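Below you'll find the structure, written out as structure tokens, and then a few comments.
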Number of protein chains: 2
Amino acid sequence: MSKHAETVTLDPDYVLDEQIGYLLRLAGQRHAAIFQAQISDGLTPTQFSTLIRISEHEQVSQNHLGRLAAMDVATIKGVVDRLKAKGLVAAKPDPGDKRRSNICLTETGAALIADLKADGLRITEETLAPLSAGERKTLARLLRKIC
Amino acid sequence: MSKHAETVTLDPDYVLDEQIGYLLRLAGQRHAAIFQAQISDGLTPTQFSTLIRISEHEQVSQNHLGRLAAMDVATIKGVVDRLKAKGLVAAKPDPGDKRRSNICLTETGAALIADLKADGLRITEETLAPLSAGERKTLARLLRKIC
DNA sequence: ATCCTATCATTTGCATACGAACAAATTTAT
DNA sequence: ATAAATTTGTTCGTATGCAAATGATAGGAT
């Protein structure tokens with residue numbers, strides 16, 4: 001039994017638990033926990049997305065990669081630095097543009113992609129487990145509409 | 001015209017743009033941008049949620065507040081510290097438990113709540129603008145199911 | 001040839017976010 | 001009453017995430 005009694009005063013006009021921002025945060029938290037438990041190599045969600053995006057493109061500059069993976073230039077820099085430190089990606093200066101460095105997968109990184117995709121499918125499956133097939137499609141459709 | 005030709009190789013078995021985690025991140029990004037443009041006082045989403053939760057409870061310990069607002073103990077500490085610095089909340093030591101400090105709204109903080117709720121409703125409205133009334137309810141229902 | 005603008009990459013600052021480890025205080029179990 | 005388990009709050013480390021400022025390079029317009 002709790003020593004500290006709860007005195008809850010709810011405003012019927014503003015229920016935090018029903019606001020879209022709060023729900024997005026909670027859903028993201030649950031997904032992140034599932035992700036961390038399932039993923040190979042201790043990768044983070046952004047590192048994962050970044051690797052997948054590189055695998056879809058032979059050559060990408062760092063900034064362009066950030067746009068492809070929906071990350072700020074400052075964010076993608078840190079992500080790429082950490083992927084470099086893990087030996088999964090490498091950067092080569094662009095021969096035609098001295099500002100650019102092209103990011104690509106290392107052999108180790110390329111060898112990991114198939115496993116990561118399998119992990120990703122399991123993570124999506126577990127996150128969506130409470131939903132029916134129809135509900136999963138509806139959720140994806142509605143989320144895409146508000147992006 | 002782009003000098004740097006795109007060579008995109010998509011794997012039909014794993015489409016990042018359809019994965020729930022990626023969509024949640026994108027939707028969260030758009031919501032965060034709308035939030036920041038609309039909110040009073042430069043509050044962040046976590047600071048906002050925390051203030052609303054305090055307004056629902058006369059007395060809350062810091063850790064308990066974190067649980068109410070779905071934040072880690074380390075996270076809620078930083079949030080409460082910044083709300084203290086803004087003069088919106090205050091902490092009083094619990095008379096019956098020397099570990100606890102009870103967090104409450106200051107007068108300034110309490111005076112802000114009504115405005116914040118109005119901001120919150122506008123933010124939800126703008127975020128959900130692409131959806132019909134039925135779709136909004138469906139999205140909220142499905143998100144709640146996967147939390 | 002030069003100027004303007006855009007792009008690329010980096011850096012700094014602020015604010016989440018969470019795991020892990022810790023000390024102090026409290027509660028529960030024995 | 002005392003030992004064990006739990007709760008509270010703190011600190012450290014790592015990783016996003018974005019705004020803003022900086023410097024270098026590139027491309028187009030005059």
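This is a predicted model, so every value here is computed, not measured.
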Test salt bridge (charged side-chain N to carboxylate O under 4.0 Å, His left out) applied to A:Glu18 and B:Arg144, step by step:
CA-CA 9 Å; A:Glu18 290 172 5; B:Arg144 242 192 315 268; 5.1 Å; no

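- Regarding contacts with the backbone of C:dT7, every side-chain N or O of A:Ser61 stays at 4.0 angstrom or more from both OP1 and OP2.
- If you measure from atom CZ of B:Arg30 to atom P of D:dG17, you get 18 Å, rounded to the nearest angstrom.
- One can place CD of A:Gln59 at 14 Å from P of C:dC8, the figure rounded to the nearest angstrom.
- Whole-Å rounding puts the B:Leu65 CG to D:dT8 P distance at 12 Å.
- Cluster membership check: B:Ile39 shares its hydrophobic cluster with B:Val89, using side-chain heavy-atom separations under 4.5 Å among Ile, Leu, Val, Met, Phe, Trp and Tyr.
- Contact check, A:Gln29 against C:dC18: a side-chain N or O comes under 4.0 Å of OP1 or OP2.
- Here the closest heavy-atom approach between residue B:His31 and residue B:Ile123 is recorded as NE2-CG2, 3.5 Å.
- Both B:Thr46 and A:Ser101 lie close to DNA chain C; mapped to their nearest nucleotides by heavy-atom distance, the more 5′-ward contact belongs to A:Ser101.
- Comment: A:Glu125 does not engage A:Arg122 in a salt bridge, judged by the lack of any side-chain N to carboxylate O separation of less than 4.0 angstrom.
- An OP1 or OP2 oxygen of C:dT7 is reached within less than 4.0 angstrom by no side-chain nitrogen or oxygen of A:Asn63.
- B:Ile39 has its CD1 atom 15 Å from the P atom of C:dA15, to the nearest Å.
- Atom-to-atom, CG of B:Asn102 to C1' of D:dT8 comes out at 12 Å; the value is rounded to the nearest Å.
- A salt bridge links B:Asp17 with A:Arg53: the distance from a Lys NZ or Arg NE/NH1/NH2 to an Asp or Glu carboxylate oxygen falls below 4.0 Å.
- Using a distance-only test at 3.5 Å, with no hydrogens or angles considered, no donor-acceptor pair links the side chain of A:Asp94 to the main chain of A:Asn102.
- A straight line from CZ of B:Arg25 to P of D:dA15 spans 16 Å, rounded to a whole angstrom.
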Do B:Gln19 and A:Thr124 pass the side-chain hydrogen bond (donor to acceptor under 3.5 Å, both in side chains) test, and can you show the C-alpha distance, the side-chain angles, and the key distance before you say yes or no?
CA-CA 6 Å; B:Gln19 304 303 309; A:Thr124 294; 2.5 Å; yes

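- OP1 or OP2 of D:dT8 sits under 4.0 Å from a side-chain N or O of B:Arg100.
- One atom, CG of A:Leu43, and another, P of D:dA15, lie 11 Å apart when rounded to the nearest Å.
- Atom CG of B:Asp94 is separated from atom P of C:dA25 by 14 Å (rounded to the nearest Å).
- Taking 4.0 angstrom as the limit, B:Gln47 places a side-chain polar atom (N or O) nearer than this to OP1 or OP2 of C:dT16.
- A heavy atom lying under 4.0 Å from DNA chain C marks the following residues of residues 70-86 of chain B, by number: B:Asp72, B:Ala74, B:Thr75, B:Val79, B:Arg82.
- Below the 3.5 angstrom threshold, one finds no donor paired with an acceptor across the side chain of B:Arg99 and the base of C:dT26.
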